Amino acid sequence: MNFDLTEERQMLQDTLRRFLKDRYTTENRNKIIESEAGFSADIWTGLAELGVIGALFGEDHGGFGGAGFDIAVVFEELGRAGVVEPFLDTAILGGGLIAALGTDDQQAMVEQVIGGGLHLAFAHGEPTSRYDLSRVQTTAKAEDDGIVLNGRKAVVANAEAAGHLIVSARESGAADDEAGISLFLVPAEAKGLTLRGYPMLSGGRAAEVTLDDVRLPTSARLGAAGDAFGAIATQVAAANVALAAETLGAMETATELTRDYLMTRKQFGRPIGTFQALAHRFSDLLIELEQARSAVINAAGHLDTADRDRQIASARNLIGRAGRLVAEESIQMHGGIAMTQEYELAHIAKRIVMNDHRFGDTDYHLERFIALSAA
Amino acid sequence: MNFDLTEERQMLQDTLRRFLKDRYTTENRNKIIESEAGFSADIWTGLAELGVIGALFGEDHGGFGGAGFDIAVVFEELGRAGVVEPFLDTAILGGGLIAALGTDDQQAMVEQVIGGGLHLAFAHGEPTSRYDLSRVQTTAKAEDDGIVLNGRKAVVANAEAAGHLIVSARESGAADDEAGISLFLVPAEAKGLTLRGYPMLSGGRAAEVTLDDVRLPTSARLGAAGDAFGAIATQVAAANVALAAETLGAMETATELTRDYLMTRKQFGRPIGTFQALAHRFSDLLIELEQARSAVINAAGHLDTADRDRQIASARNLIGRAGRLVAEESIQMHGGIAMTQEYELAHIAKRIVMNDHRFGDTDYHLERFIALSAA
Amino acid sequence: MDLSYSPEDIAFRDEVRAFLAEKLPKDTAEKIRNGEELGKEGQERWHALLNEKGWLAPNWPKEFGGAEWNAVQRHIFEEECAFANAPRIVPFGLSMLAPVLQKFGSKAQCDHYLPRILDGTDWWCQGYSEPGAGSDLASLKTRAVREGDHYIVNGQKTWTTLGQYADWIFCLVRTDPDAKQQEGISFLLIDMATPGVEVRPIILLDGTHEVNEVWFTDVKVPVENLVGEENKGWTYAKYLLTHERTNIAGVGASAAGLDAVKRMARAEMSGGKPLMQNPQFAARIAQVEIDLMAMSTTNLRIISKAAVGQAPGVEASMLKVKGTIIRQEINDLARRAAGPYAMPFASEMVEGDNDPIGPDYAGPVAAQYFNYRKLSIFGGSNEIQRGIIAKVKMGG
Amino acid sequence: MDLSYSPEDIAFRDEVRAFLAEKLPKDTAEKIRNGEELGKEGQERWHALLNEKGWLAPNWPKEFGGAEWNAVQRHIFEEECAFANAPRIVPFGLSMLAPVLQKFGSKAQCDHYLPRILDGTDWWCQGYSEPGAGSDLASLKTRAVREGDHYIVNGQKTWTTLGQYADWIFCLVRTDPDAKQQEGISFLLIDMATPGVEVRPIILLDGTHEVNEVWFTDVKVPVENLVGEENKGWTYAKYLLTHERTNIAGVGASAAGLDAVKRMARAEMSGGKPLMQNPQFAARIAQVEIDLMAMSTTNLRIISKAAVGQAPGVEASMLKVKGTIIRQEINDLARRAAGPYAMPFASEMVEGDNDPIGPDYAGPVAAQYFNYRKLSIFGGSNEIQRGIIAKVKMGG
């Protein structure tokens, strides 16, 4: 048993933390959030050069990591700094799906992703699918020598920046079937593809995606026809580890900001953190933070095991609850200052809470845990 | 709108509180709990003479009350003092069912109950029925000119002291049907009736009741054959108001004991109640206490309305949650002393928590509330 | 014990309902229902409609043009307004300053200011909080120095709600720097157009501009703008704070919010069924509804005491704490109910008229969740309230 | 990062399992599983079996006859014992006194007392707490006055667990009344058979007799029973407290308790279905199981640090708080699961062999629920632990 990071991961963590501390200040980050692109190309390139993206892929795909703990280390640091750049979408989801399913030709895109030269987006969720992974109503129909896509995709993160969208569509089966779902590489400039972009509350941008008779060659299909669900579930599992770790990192920052505030701000001549009620509540946050850290370790450590889904459901349920507590209590213990947009905690709290809306919220994961435990 | 007690109820409350304060001290009560009978005949007679039982019946049955607020006033006071005497079983359930369904002959028992001269018990729950009111597997079969009962009843409170047991049995229908359930007045000395008595954790006694070919005349039936469910539901609703009010009273005592302790016990030369963490937690108890009081008012005020069951489910869910909080926090804030049997809070906390096991616990009432709200 | 309204109360409720049905502008109600901001003009339009009916100042005595309703009537009015999605009245002039003027102000001040509050000539804001002072008003630093017929005011106020719309601000200022903490404070009325007054926006974490910093640099204020006596401002401030505390439980708003959550949960599908039928979500809704049912009665119990002249006292603190917990829980449920469509940042939707991105109910819920964290912070934080409750109840 | 045990650890675990399967008496395991009390003889029987194997003193150095296990091995042993329903080792002599003697006691004391602890000759109890002192040991009042070759001890200890079985008690006594708070305290070993020692039972709220008051009236204690130096007892006491804190999270016990709750919930029927399928109950079970999964890893993280010599420090307080919350929640679930059959007061069942009243699992659950409220009170209350956490973490 060993809970220490390997030397390589420790180095990655240190490098990443230093880079972000210098470059990703509150002021810079708030400017990035308000920019038209919604993220910084400089930061993206800088982090790619540091190897952040490479750490998310295995050696057989040109990276030097790709395991659960690699994902956890990277995203914990991204979370600590409140990074809004779309590593989840381009690398874990987009790049991960191509790495898992792509032909040799398609795999070339992974190399581009690792180098920082290509953005991707995973266009999967639909207006009424909520968190149900197998609910795909977008259709893919064979026509002439190609395929025609029709449908609508909801809240597709990073869609506007993506060179290609990885679009899920149904080739057979009923609306909720796992079988019959395929993935397609749709170039940003494809005819019939329309994006309606908007900023997201916790930073970054997304788009509503309409596919209106989008015609593709069959070579645009990623993997075997109708057989993409397994790969989707696997990459979404990795995304859940990433989201859990990112939330953990943000929770660390929230508690650190709160500690600093409690020890700096004075009332009646004493730091308010020395008052018992706040001190005890702060202790509870620290306890939940350690629980969240253990949950991330469990999820990351089981990413390639048979118990994967149950461990991930467990971790995301715990982090959903602990995250809400940390976000709300940190704001409450700060008081008014935490309500202002320019204060670091405001953005950090939004990252924590809004992560609960990607790939299943606290309740969704609780139900999944119950179902998987009963199985 | 008026939330003041009527003059009569105010007088009843004052009298009852005075009587119990003088006579129902911790020492006396703990002796009563440890006695063989599990309750005090003197206290019973004394309270009957004060009109406590009469207050639980309407004028048409020889009482002078019987409304939801009468029940609430009486049981809140009983709860404040941690009274273990079986008013719920003898009066609300036993007496109430006879008053609701009895023939003129049978009604004579109500008079005896009001006078304090007769005990009753409601033998309804069965070993596997849990909180399901309509789950009755005890059978009643017509034979010769009479009826034969067979079955087993679980945790029948006050069974040993009761002159008659009011036994529910199925004359027709499936195990969970509401239709087909009848009630029978079974004399304590009936042949084939066996009791296995035991004390209960929060005071008082109950028994496992076995009915082995218990033969009764048809005149022992209470109400029409197979038609008792409505009356059972009505009296159980009244019992739920009583339980809610009793728990409220016990919560009042728990918070008062806690306040006194917090203001008396010193650490570092200051009453521990002046430390912020305990002060804030104590405030939360007071808030929940007011919520519980409102819940009892809502339940009592709707006892005779169409919204009865939803209001009662609401009240018992809230009081179950608030009661657990008050019991646990009161013990925790006291520390070791509250863990000892001889300290008043120990018994009071047990009353609060164990009331959750009669006629549906917190979760049961939550589900009922959801079902009734959807209806 | 009687849980029902009197016939008079019911008649009054029906009158309120009829008025709302007839007079509340449809587009206003629609905006409130969708959590959109109303802006200055929208507020002023509603104030004017109420003023026309004589209902703009429920708690003012009739002599000043108020409705002089009792607490139960005020409660009925507030509850009906919440259900009809009417805007809440902006309280600064009407509910906060006016009672102080009526009790402590000069006749000249009453004659001048009160009609202008009613007819919308003056929009007032509040200058209480200062940076670093938190909920502790007594430590305030803004100075007013008497020079002839004027005070010269220097200092800074913060968390000034809707100060960007205001014509006037009522301020607590320190007039005697040598006096102890709460003494030496005066209550001053300042024209926002005076040179040296500067309003700087504070953007809240959900992107909204509700509150402001107000800076005073050598601002000349005529001495006749002093309310009551110099150095007695703390007395007036405390009086104001008790008046601020009407409708503190927010029962009507919570009930309307819970209804909205249920609508969302009936529309959202989860695992092939309406979210409303999901056992976890149904349990969350039921739990908060049960709490709200009790809170509603707690509120009525306290109000019915106030109606017969018994002061609410520490109960107001209890209502504040539990009321905000319930409202914030409802906001959390709304956020959850919206699912992935809670993520778009619909600030332009909130203020403008663009098509919604997802279902129309989803647009503002996450922003509201964050915005409403303020409920337990501003106006005396829940920690302050818990301290008050403990102090009063443990002293007894 | 590696979440799995080393091959050596797995071999050790298998050895523990084999031992438990072979040696743990069936009736003992049955009693533990049903929450019944084991009594003195039952405990002594189990201690003897462990001693035979050389496993009675996991944390003692080998020179004293201990197993000298590392923290991971101790964890494995405790977890396997919990799952096999083995009794916990009574800690007073083995885990609390012995480390103090080994570090601060004389050779004569070690040679005399340690073998008697191992072979069961002496049953020890602890004399720390006093009435009114709560978790604050420094304010203790029991006096020991030196007279020739003896100390004369007067005073009272309380919450003395299993003192009714004890042959000896180790005590903190005040030897210098003029010294400040924590100075002037000495660590004394007292034979319970000495005249003037009186044990009075304290009955806990669930009717059990676990703890006692111990009164000292002019009790003569030979000076050679002093451990270490006079007036240095506080140092030894603090050392002892850190050693008391093994297995503080109670992960094994919680896991066994949760399994028991699941068995109950599969057997109990609610609304025609097993309670386990009831969405509310299933959610409660899942929630605590999720917390326990994380806690188990938190525990291992801390233990794996301890195994390589890093002291647990403030983490022990975190484990104590969260560990007791989880265990108490599991006790609450067991109480709920039992339904109406939680009501019988089965004290005679717990101690004797009568037939159970309802299902056999239901008998002790409510009593245990109340009894286990002690977990967050005794041994440094959760409030004390939260204070420690805040102090350490906010100082940093």
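Just so we're on the same page: letters track the sequence lines, and every chain starts at 1. Just so it is clear, the structure is predicted and the values come from calculations on it, not from any experiment.
- The nearest pair of heavy atoms linking D:M394 to A:G273 is CE-O, 2.9 Å.
- Looking at every heavy atom in both residues, D:M293 comes nearest to A:Q311 through CE-OE1, 3.4 Å.
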side-chain contact (heavy atoms from CB on, under 4.5 Å) for A:S294 and D:M295? Distances and angles first, verdict last. CA-CA 7 Å; A:S294 293; D:M295 162 63 71; over 6 Å; no
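- Salt-bridge check for D:K322 with A:E290: failed, with every basic side-chain N at 4.0 Å or more from each acidic carboxylate O.
- Ion pairing of D:E289 with A:R310 is present here, as a side-chain N (NZ or NE/NH1/NH2) and a carboxylate O approach within less than 4.0 Å.
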How far apart are the C-alpha atoms of D:L319 and A:I287, what are their side-chain angles, what is the distance that settles it, and do they pass the side-chain contact (heavy atoms from CB on, under 4.5 Å) test? CA-CA 8 Å; D:L319 289 177; A:I287 292 171; over 6 Å; no
Determine, stepwise, if the pair D:T297 / A:F3 fulfils side-chain contact (heavy atoms from CB on, under 4.5 Å). CA-CA 10 Å; D:T297 295; A:F3 292 95; 4.0 Å; yes
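- For A:I370 against D:A286, the heavy-atom pair with the smallest separation is CG1-CB, 3.6 Å.
- Residue contact with chain A, scored on non-hydrogen atoms closer than 4.5 Å, involves the backbone and the side chain of D:E383 alike.
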Please lay out, stage by stage, how D:I290 and A:H365 fare under the test side-chain contact (heavy atoms from CB on, under 4.5 Å). CA-CA 11 Å; D:I290 287 168; A:H365 287 291; over 6 Å; no
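- In this structure, the portions of D:L300 lying under 4.5 Å from any heavy atom of chain A include both its backbone and its side chain.
- A:Q291 places no side-chain N or O within donor-acceptor distance of the main-chain N or O of D:T298, the cut-off being under 3.5 Å.
- Interatomic distance, OG of D:S6 versus CG of A:N2, reported as 11.0 Å (0.5 Å rounding).
- Minimum interatomic distance between A:A279 and D:A390 (heavy atoms only, all atoms of both residues): O-CB, 3.6 Å.
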